[in-house]
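Below is one structure, written out as structure tokens; comments come after it.
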Protein chains: 4
Amino acid sequence: MKKIGILTSGGDCPGINATIRGVCKTAINHYGMEVTGIHSGFLGLLENDFEELTDASMSGLLNRGGTILGTSREKPFKKNASPEQQERRQLILDNIEKMQLDAIVCIGGNGTQKSAAKLAGIGIPVVSIPKTIDNDVWGTDLTFGFDTAVTIATDAIDRLHSTASSHKRVMVIEVMGHKAGWIALYSGMAGGGDVILLPEIPYNIQNIRDAIIERINKGRTYSIIVVAEGIPTDGVKRAGEYMAQMIEYETGIETRETVLGYIQRGGSPTPFDRNLATRMGGHATELIAQGNFNRMVAMKGNDIISVPLEEIAGRLKTVPADHDLVVQGRRMGICFG
Amino acid sequence: MKKIGILTSGGDCPGINATIRGVCKTAINHYGMEVTGIHSGFLGLLENDFEELTDASMSGLLNRGGTILGTSREKPFKKNASPEQQERRQLILDNIEKMQLDAIVCIGGNGTQKSAAKLAGIGIPVVSIPKTIDNDVWGTDLTFGFDTAVTIATDAIDRLHSTASSHKRVMVIEVMGHKAGWIALYSGMAGGGDVILLPEIPYNIQNIRDAIIERINKGRTYSIIVVAEGIPTDGVKRAGEYMAQMIEYETGIETRETVLGYIQRGGSPTPFDRNLATRMGGHATELIAQGNFNRMVAMKGNDIISVPLEEIAGRLKTVPADHDLVVQGRRMGICFG
Amino acid sequence: MKKIGILTSGGDCPGINATIRGVCKTAINHYGMEVTGIHSGFLGLLENDFEELTDASMSGLLNRGGTILGTSREKPFKKNASPEQQERRQLILDNIEKMQLDAIVCIGGNGTQKSAAKLAGIGIPVVSIPKTIDNDVWGTDLTFGFDTAVTIATDAIDRLHSTASSHKRVMVIEVMGHKAGWIALYSGMAGGGDVILLPEIPYNIQNIRDAIIERINKGRTYSIIVVAEGIPTDGVKRAGEYMAQMIEYETGIETRETVLGYIQRGGSPTPFDRNLATRMGGHATELIAQGNFNRMVAMKGNDIISVPLEEIAGRLKTVPADHDLVVQGRRMGICFG
Amino acid sequence: MKKIGILTSGGDCPGINATIRGVCKTAINHYGMEVTGIHSGFLGLLENDFEELTDASMSGLLNRGGTILGTSREKPFKKNASPEQQERRQLILDNIEKMQLDAIVCIGGNGTQKSAAKLAGIGIPVVSIPKTIDNDVWGTDLTFGFDTAVTIATDAIDRLHSTASSHKRVMVIEVMGHKAGWIALYSGMAGGGDVILLPEIPYNIQNIRDAIIERINKGRTYSIIVVAEGIPTDGVKRAGEYMAQMIEYETGIETRETVLGYIQRGGSPTPFDRNLATRMGGHATELIAQGNFNRMVAMKGNDIISVPLEEIAGRLKTVPADHDLVVQGRRMGICFG
């Protein structure tokens, strides 16, 4: 194994640069490999857009947000077996030959894992690393970026307590999570949410009303509601706005919403995410050195392992209804819907 | 002077508790006064809802967000000279007598300054302290809460740089400021905004487009747009959403918006705001001890001074078009509209 | 089971209040138990010093540092079987009877686990929860407080990079860890340390010198050295000061040290630690409800489990020489001594 | 005016890069000047070590700590009028001619202001910008870096409260400030220090003891002592260690110290400091464009002005004994020695 390519695809996420650094420094310093950084995800593979990475170019990356390689949502292949499909396939194979790459590391979320599996399918030696603030990639207990997103969301919830208590209001905060409520669950529990709504657990507005009213009857003059963006709404309004209106209507209590948005995915990763990203990057290089391809690096308990790429594609890791934090939250009196 | 009352009115803001602490500890330790905390702003004055404050009850307040006294947007008097008006006036005078208060400290924003002036108008000895994250109270160079809000907004802008650069996008962030663009100006300049839009400076969408296109021509693949919530829109959409749509339409570049919302006003105040709040609180007590009433505490340069309440009411401190940061920003190539 | 006591012993640590909250809210809301908070660790048990805890008194504890119950390093029993020993034993049994406690939750580090085992030895139903920023309690993969300490230490290391690079210096930072180097390892890796020294791995000053010189030869004008306080020194100087002097002597490069000290253990816990603390607190109450005593709550992989107290006492969890982060660090070129 | 040089000298400080950016972007975008960055302070002037700076190279500097130009404590001239003196003078004049510089911007603390005055003395057009976390440069109300240092120190003091209260201890924290106690004063007041000791105000250990004892008598079980590193000691121990030992001896209460050290000067500047640095940088370029040389940029109230360099040299701005925060602190019961 002489030369590896590395690309980052899909939404950006804190820790990508740290994992690029982990891949490169291990490859260069330990295995004497060369590393090529492919720009803008799979687009760079199609457009032959890349740069050589060195040990020196890894300086300052550990705590830097975003991805130095750029990213895109471009997929390497079109869905149907069109003539264009064939062309793209050949283009990619040609470019990889031009770049003289012996293997490719794909860093990305669920979509990227699918694309990586397809690259593997046309014979390219691939190792992938999961990355998403949403923590919804199947096959790994955790993804880097998640702890940072939870930290940002919890910090925001901490701040809302001041306003909620001073004004005796209900404050609704909408955090990211279309299909999986991991951020809502972890930040809601860490931030002292009174109601936490996940896409995985159906809610009943009466239960939410009752929970808020019960708090008032106990002398707690305000409530914090944490909702994932993917909970059911009227199909028009955003989750936060919808829930705030429903609660104000049902309880008569002044209710305000905040949508946390993009700040959840930016900025410097937490130390936890930096170390997870570093370990995953190093493990990816190990797999390549061993010739162990077509696998996704994963965390299992405390260990970094890998799983076959084909097992991942098309599956989503959602919050199980009996997740320990949900069970524990319910016991403490938190309403999950 | 034996006993003073203190109330907090209007939107909550970081540093209120620090200024309550400044008033109380000075009054109790230095002047041997007693201090009564009135609950929920002017509502507490109408409902005779209060508690006694002690030196011990000030413990832990310096870095605590919100207001321990609670707040409301209740005004002490109705607008017109109705019979109810007369009733409220008497109720307040009666309650102040019941509470045995010799003077009242009113902590609040522009609305509160008006109400404080009216209290003074019916013969109650009043001293007020300005408080708003918006920094738009006339008569004072700065208000506590502003530096904290700017810090939170700048932190959010810092985070958006990661996503904007990784995705080669335009990112629009909407910060607070209905009529005054102080937060947008200070956080936009500190966060490296490329376009900064304030309610005080009319914008032209062509200029904004040109600024973004010029950046791309120079090889800067992304732009950050900071907008105050009070800039002109189509009258339906929020400022951030409207501007993002306009920019995407005009430039064809993928544009996303974030509305920072309530997290700007919550949480622990910055050290700057804690010290400003402490000094203002202490100065308010000084004024009372001197019998120097119907004044608002203010900052002028580095000094804490006071100004007559009657000068404040009905005036708003907006960003002058030749503000040093605006001038400096323009020289550096930042587009202000 | 009707009434449980809870005490916190040993050094304070972020997350203690969150775990007290976890115990109490689960006990009160889910099991209908009563909870007594014992003051100042085992001292409160000897002096019958306590307060009743309610659901309402848990408000605001999730993100509050330190321990609301106070702590001490007092041990419940003296070492030798002296007459005083017998007295203390009786005093404790009498006080527990006075307080009408059916079980006691002991929250603490290694010393506390030993004391908890001794309490169990005289027939008191005990459940313990591990707590230490040092992460060195045997039997649990992680302790809350550790992630917060690592976060504070990493933030400090991030800051040192500015000064080190501006002045082309070697900067040495000493972090906590007498016998176990967990904080040094995790913060050193997350903060981009070039040399990381743990008590568990012997160092050779020549290797450290070579690592620094090699960096200079590669054009890296500065180095960051992270040392645990417990590494071998001359027996007089602190670890940081000693290492800084050795490095300056060996390399001739200006070297400065920083001792992080107590700020590592104070302040608000990270969301990670809040959730770990909450889960451990809830699990402790579960064990009591099940009558499953004389066990310490523990984390194993992602699960909260429990282990017999007798297995813990006298053992220390140190960093294994083949820990994944050490192995990964070495591959990336980091010097571990 | 065609081409300006810029150098940074003395200790690093948050905001230097922001002020370099302010100088450059104003010079390049507004005045069409060229800018040369001189490396390692005055050393680069002696060794002809420099790089050209462009608008593009200013990207990402606003929130980056340290100085991209590097710094040193090298002085341009030796003290006495030695032959070497004459040589250095000629070397500097020659190098400035080689670099084709029409003026030089010197960014630094008190030492740098002296050196800048000397450069002016041999006929080089100089404008200087004050920079120090210590805030002790004469002629300016504030220096950038100070707000950041105060913020870091206050955050540390906030953390110490947890440990101090949990253990009922006295905690002493030593912050920077050899001759001027600005950081101790501002962070001590913002962090809720009970005793604050500055080099400018003599202390009496009995007063400190009394203040601590009085707190205990009032039921406050712990105290926080903030000391500047420059307060008088026994001449051997550091200020923090000395004061901790004195307090423990005098009061019998367990006392621990923390020395904050280098982390006070590193890392990303606060928004306040970024804007101050930007304004000062822009103003320096203005002065050059106007041909207004041999002046130091300064803050006066809210305005950026300039003062003659000759007025600054050899003077130090210390905390006046009647500073508003000292007076206010005393009224609130804080002991200043």
Side-chain angles (χ1 to χ4, degrees), chain C residues 8-17 39-41 43 64-73 133 145 148-149 152-153 155-169 171-174 221-222 224 238 240-241 254 256-269, chain D residues 8-17 39-41 43 64-73 133 145 148-149 152-153 155-169 171-174 221-222 224 238 240-241 254 256-269:
Chain C
T8 59
S9 174
D12 75 311
C13 153
I16 299 182
N17 286 328
H39 290 164
S40 304
L43 199 65
R64 189 163 147 194
T67 162
I68 54 159
L69 297 175
T71 184
S72 68
R73 298 204 181 269
I133 62 165
T148 306
I152 297 169
D155 179 66
I157 299 171
D158 281 356
R159 292 186 187 283
L160 292 184
H161 279 272
S162 309
T163 297
S165 71
S166 299
H167 288 272
K168 299 179 182 166
R169 270 182 196 157
M171 297 294 277
V172 176
I173 180 166
E174 177 191 313
T221 57
Y222 73 97
I224 301 283
R238 291 193 67 121
E241 187 187 1
E254 198 182 39
R256 294 282 183 276
E257 85 266 11
T258 295
V259 177
L260 202 48
Y262 287 97
I263 63 172
Q264 284 164 93
R265 64 184 332 128
S268 185
Chain D
T8 58
S9 174
D12 74 312
C13 153
I16 299 183
N17 286 327
H39 291 165
S40 304
L43 199 63
R64 190 162 146 194
T67 162
I68 54 159
L69 297 176
T71 184
S72 68
R73 299 204 179 268
I133 62 166
T148 305
I152 296 169
D155 179 65
I157 299 172
D158 280 355
R159 291 186 187 284
L160 293 183
H161 279 272
S162 308
T163 297
S165 71
S166 299
H167 287 272
K168 298 176 184 170
R169 271 181 196 158
M171 296 294 277
V172 176
I173 181 166
E174 178 191 313
T221 57
Y222 73 96
I224 302 283
R238 291 193 66 121
E241 188 187 3
E254 197 182 39
R256 294 282 182 275
E257 85 266 11
T258 295
V259 177
L260 202 47
Y262 287 95
I263 62 172
Q264 282 164 94
R265 64 183 333 128
S268 185

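By convention in this document, chain letters (A, B, ...) are assigned in the order of the sequence lines, proteins followed by strands, and residues within each chain are numbered from 1. Only a predicted model underlies this, so the values are computations on that prediction, with no experimental measurement involved.
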Between Y262(D) and the options H167(C), R159(C), R169(C), the side-chain contact (heavy atoms from CB on, under 4.5 Å) test singles out R169(C)
Identify the heavy atoms of G66(C) and S166(D) that sit nearest to each other, and give their distance.
CA-OG, 3.2 Å
Distance check, rounded to the nearest 0.5 Å: I263(C) atom CD1 versus I157(D) atom CD1?
10.5 Å
Distance in Å, R73(C) CZ paired with E254(D) CD, rounded so as to fall on 0.5 Å steps:
8.0 Å
Okay, S165(D) and chain C: the region with an atom under 4.5 Å from a heavy atom over there is neither
With sequence neighbours left out, write down each residue that passes ring pair (Phe, Tyr, Trp, His ring centres under 6.0 Å) with H39(D), or none if nothing qualifies.
none
Shortest non-hydrogen separation from G267(D) to S162(C) and the atoms involved
N-OG, 3.0 Å
List the residues meeting side chain to side chain contact (heavy atoms under 4.5 Å, CB included) with Q264(D), not counting sequence neighbours, and say none if there are none.
I133(D), V175(D), M176(D), I183(D), L260(D)
Chain D contact via T71(C) - which portion, at a heavy-atom distance below 4.5 Å
both
Looking at L69(D), I152(D), I68(D), T8(D), which makes the most heavy-atom pairs under 4.5 Å with chain C?
I152(D)
Sort out for me which of S268(C), G261(C), G11(C) touches chain D most, counting heavy-atom pairs under 4.5 Å.
G11(C)
Can you tell which part of T163(D) gets under 4.5 Å to a heavy atom of chain C, answering side chain, backbone, both or neither?
both
Non-hydrogen atoms of chain D under 4.5 Å away: do they reach the side chain of S40(C), the backbone, both or neither?
side chain
